[in-house]
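Structure, as structure tokens:
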Number of protein chains: 2
Amino acid sequence: MAKTEAKSPRERYRVQVRAEIKERAWEQIATAGASALSLNAIAKQMGMSGPALYRYFASRDELITELIREAYQSLAGTFRTAVATGADLAGLAHALRGWAVENPQRYLLIYGTPVPGYHAPEDITGISSEIMTALLDACTALAPTGSAAPFSAHLDDHRDWADGHPAPPSALHRALAFWTRLHGVLSLELAGHFTNMGFDPALLFAAELDDLLTHRA
Amino acid sequence: MAKTEAKSPRERYRVQVRAEIKERAWEQIATAGASALSLNAIAKQMGMSGPALYRYFASRDELITELIREAYQSLAGTFRTAVATGADLAGLAHALRGWAVENPQRYLLIYGTPVPGYHAPEDITGISSEIMTALLDACTALAPTGSAAPFSAHLDDHRDWADGHPAPPSALHRALAFWTRLHGVLSLELAGHFTNMGFDPALLFAAELDDLLTHRA
DNA sequence: CAGGTTCGTGATAGCCTCTAACAAAACTTT
DNA sequence: AAAGTTTTGTTAGAGGCTATCACGAACCTG
């Protein structure tokens with residue numbers, strides 16, 4: 001049952017130190033943003049001197065990539081357990097918002113402003129497609145909704161991103177709308193653009209979700 | 001007609017140098033992101049040595065703040081001319097997308113991932129409320145749409161952010177939906193999350209806009 | 001216990017922001 | 001025009017960062 005193969009005690013120590021580094025990194029990101037992440041500061045916090053961290057992560061970029069991977073896996077796991085407990089599209093939305101509000105820095109690492117040159121490694125896009133599959137499943141399971149929107153037709157001609165998923169075009173359309181609309185609310189909320197505006201972001205999120213479920217997408 | 005008051009030649013030189021600094025800064029941001037902006041590199045590019053730039057901007061933060069201000073003013077100007085040429089809500093959406101696609105780095109500076117500690121100065125929130133006013137105007141001018149959505153009622157109780165604007169609650173609701181939905185599409189597109197997915201982001205944007213205009217918001 | 005592997009260290013190079021002291025140029029005032 | 005004041009740019013330097021290197025020390029393995 002143990003996925004962490006109990007190897008040599010050295011291996012154990014290594015993964016433990018890596019885990020602590022990542023933990024401190026998340027704290028730093030939460031308080032000062034990903035751009036202010038400092039390997040040096042983490043090392044000093046852990047009582048060891050600067051370059052020692054390079055035994056565990058080849059570079060600052062590799063650490064950040066690992067954090068991105070972790071964030072994706074966390075979101076994918078949230079979706080997986082939601083699906084396992086019988087969540088429909090509304091359930092997925094609820095799970096998404098709960099996760100995002102609880103881990104704003106993780107959400108923003110995934111969906112926030114990217115560094116122009118950066119390209120995610122292969123396995124990360126794999127996890128991202130697992131998330132998309134869960135979304136497509138929920139959308140196909142929902143309702144036929146004979147959507148006559150011209151964009152649905154366009155999607156039927158450009159469905160390579162669905163990766164062989166048997167979703168009808170209206171489900172593809174609804175999945176994209178789900179993604180973009182909920183992201184629209186969440187990203188603005190997490191970025192603080194709704195502060196001092198008075199209304200409750202959760203209600204706006206709920207209203208968008210309701211529109212997504214009752215209207216044809 | 002000249003807004004730039006022809007003051008002393010020194011003043012002229014100063015604003016010119018500041019302008020060139022900002023221009024180089026935008027180039028850097030476009031190629032490496034805002035976090036990689038380096039005053040030092042800009043100075044060297046301009047043929048002067050490091051600390052000279054601090055005569056023009058007190059700190060790196062002040063330069064970035066100025067860039068954010070510039071971005072807000074650029075967007076507000078785009079909206080202003082759109083309104084002046086008789087644009088309705090659809091026209092605003094078109095103007096928004098055109099501006100965002102042409103100035104992705106500006107859009108992301110405004111609506112992208114914020115630095116946790118940062119607080120925008122007063123005048124910037126002023127420009128931002130001008131943008132919101134244009135949006136609310138367009139939404140009130142549109143259609144009555146007796147929206148019975150519960151969120152509209154909530155907005156009627158929390159309309160302080162509209163700053164005295166006489167928009168009916170359904171217009172407030174539509175303005176928020178306009179903002180969040182179009183931002184949802186735009187931000188994901190600009191962040192590159194649609195690349196390699198095959199479909200045309202412009203069509204998704206158009207579909208979202210159409211939904212916004214034909215359905216009750 | 002001998003041997004190779006891994007880990008942490010200090011030194012160093014090369015970036016960066018930002019301050020301070022100083023020189024030179026440019027406007028202002030007399 | 002001469003003298004004085006303000007603005008501009010310079011170099012030097014403190015302190016931070018990423019990252020590499022060579023070296024000693026600790027550690028598992030045979």
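Per chain, numbering begins at 1; letters A, B, ... match sequence-line order.
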Would you please confirm or rule out a distance under 4.0 Å between OP1 or OP2 of D/dG9 and any side-chain N or O of B/Tyr13? yes
Can A/His165 and A/Thr133 be counted as having a side-chain donor-acceptor contact under 3.5 angstrom? no
About how many Å separate CG of B/Asp88 and SG of B/Cys139, when rounded to the nearest 0.5 Å? 10.5 Å
Using a cut-off of 4.0 Å on non-hydrogen atoms, how would the nucleic acid contact of B/Leu37 be classed: base, sugar-phosphate, or nothing? sugar-phosphate
Interatomic distance where CZ belongs to A/Arg18 and P belongs to C/dT6 [whole Å]: 14 Å
Verify whether the ring centers belonging to A/His193 and B/Tyr111 lie closer than 6.0 Å. yes
Contact list for DNA chain D against residues 43-69 of chain A - heavy-atom distance below 4.0 Å: A/Lys44, A/Pro51, A/Tyr54, A/Arg55, A/Ser59, A/Arg60
Determine whether more than 12 heavy atoms belonging to other residues, nucleotides or ligands lie under 6.0 Å from atom CG of B/Asp157. yes
Nearest-Å distance for atom pair CD/C1', residues A/Gln28 and D/dG16: 13 Å
A/Asn40 atom CG is separated from C/dC16 atom P, nearest whole Å, by 17 Å
Which class fits the ring pair A/Phe199 and B/Trp161: parallel under 30°, tilted 30 to 60°, perpendicular over 60°? perpendicular
Got a salt bridge between B/Glu66 and B/Arg69, using NZ or NE/NH1/NH2 to carboxylate O under 4.0 Å? yes
Could you tell me the separation between the CD atom of A/Glu11 and the C1' atom of C/dT5, rounded to a whole number of Å? 12 Å
Quick one: pull up CG in A/Leu89 and CG in A/Leu136 and give me the separation to the nearest 0.5 Å. 10.5 Å
Do A/Arg97 and A/Glu208 meet the salt-bridge criterion of a basic N to acidic O distance under 4.0 Å? no
note: B/Leu39, atom CG; C/dC15, atom C1'; distance rounded to Å ~ 14 Å
Base contacts versus sugar-phosphate-only contacts with protein, heavy atoms under 4.0 Å: please encode nucleotides 25-30 of chain D as B, S and - from 5' to 3'. -BBS--
